Amino acid sequence: MNEYTLPIAFGIAIGTMSRLLMLRTDYRQYPTYLHGKIIHIALGFIAAGLGTVAGPAIMEEEFTAITFLTLAASQFREVRNMERNTLTELDGYELVSRGKTYIEGIAIAFESRNYLVIFTSLVSTLAYLIFNIWAGIIAAILAMLISKKLMAGGKLKDIVEIEYAEPRFDGAGLYLDNIYIMNIGLPERQKEVLRYGMGFILKPKNMNARSTIANLGQRQAVLYDLSTALGVYRDSGTPALVPLAKRDLDDGRVGVFVLPQERDIERAITVIGDVPTLENAIRMPSEKKKKEGSDAS
Amino acid sequence: MMLEKFILAAITTNPKKIPSGTAVFHCDSKKEMEQVAANLEAILDGIAHALSEDLYIIVKH
């Protein structure tokens, strides 16, 4: 035991705890229970260790030791690759796929959460070393609150209004309101589609939202989340029953057509509202205008 | 080679409207045409699209 043992143990414990807090398995069923989780807890532990020892290294004036944080960077970039590869492999066997944008979003989240763990551990160990354990605990709580704030992304309900729209056929064309979805020829299939299908219109609240929901990855994320939460009426070899999201070119509304197992309109609207706005899909054309206006360059 | 979209077969009751370059199934009635289209849809993993009253195509998406 030396003067650093307790602070290091404290930092590692806090870091691992913050990773546990950020690791949630929700309706998306990812990471999978037990094994998938263990990998991330173990990596969180490693991240906590890396962040923690940086504190004592600074105290001992071993500044070159800080360079091992670069190790952490390459280590956790690997985590992102791992997540991306696993999810991409699995995506081929989903009835409704997540899509590349959603997968990339998840992979980025996993990488960045490890950095937040490093940050939490570093801050709390430093506070412990400089002041005392209480300062350490306060720093840890503050760091966790900051992490939580940084991790919470936007939801779709913040940028769109969601309305239910009954699917209808005009000849062989399937429509939601006036948005054309697809051509279904067989009367039998048409009956099936009308019986099980549900339609929702996403109405963007502003120009930025219009570009964001136009993103194909964002639309696929909506379809995936809806199908996960409400089930999907489909099997392999029935491409006619595939859920689709199409855009109205005139006003940027998006028509979402799905065939859920459970036809619960209220619930579906809640699920769509809770779909994360993927950071890779977010577009802000209005920012450009603002900058031009204020002459900032 | 992967094709994004491709017409796998055409089903028609109107001999005048036979497309060339694809497999064509002639049918005598609309009902027969629908049955053939439904079968082909299942077999070929495609979607039966109606181009007009008397012409269906099966497309791979």
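Protein chains get the first letters and strands the later ones, always in sequence-line order, with residue 1 at the start of each. As the structure is a computational prediction, the values presented were derived from the model and not from experiment. Values reported hereafter were calculated over all heavy atoms of this structure, with side chains retained and with hydrogens, waters and symmetry mates removed.
With a 6.0 Å radius and a threshold of 12 heavy atoms from other residues, nucleotides or ligands, B:I7 has its CD1 atom at or below the threshold. For A:E262, the CD atom counts as densely surrounded, since its 6.0 Å shell holds more than 12 non-hydrogen atoms of other residues, nucleotides or ligands. Residue A:K205 qualifies as enclosed at atom NZ: its count of foreign heavy atoms under 6.0 Å is above 12. More than 12 heavy atoms of other residues, nucleotides or ligands shown are found within 6.0 angstrom of NZ on B:K30.
Summarising the geometry of B:A50 relative to A:A172, their closest heavy-atom pair is CB-CB, 3.7 Å, with the distance given to 0.1 Å. Here the shortest heavy-atom pairing between A:P187 and B:Y56 reads CD-OH, 3.9 Å.
To the nearest 0.5 Å, atom CG of residue B:N39 and atom CG of residue A:L186 are 10.0 Å apart. Taken from CG in A:N183 to CD1 in B:I47, the straight-line distance is 9.0 Å, to the nearest 0.5 Å. Between atom CD of residue B:Q35 and atom CD of residue A:E188 there is a gap of 8.5 Å, rounded to the nearest 0.5 Å.
Pairs of residues two or more places apart, or lying in two chains, that qualify as side chain to side chain donor-acceptor pair (under 3.5 Å) and include a residue from residues 166-175 of chain A are A:Y164-A:E166.
Options B:A37, B:A42, B:A48 differ in how many heavy-atom pairs under 4.5 Å they form with chain A, and the most are formed by B:A48.
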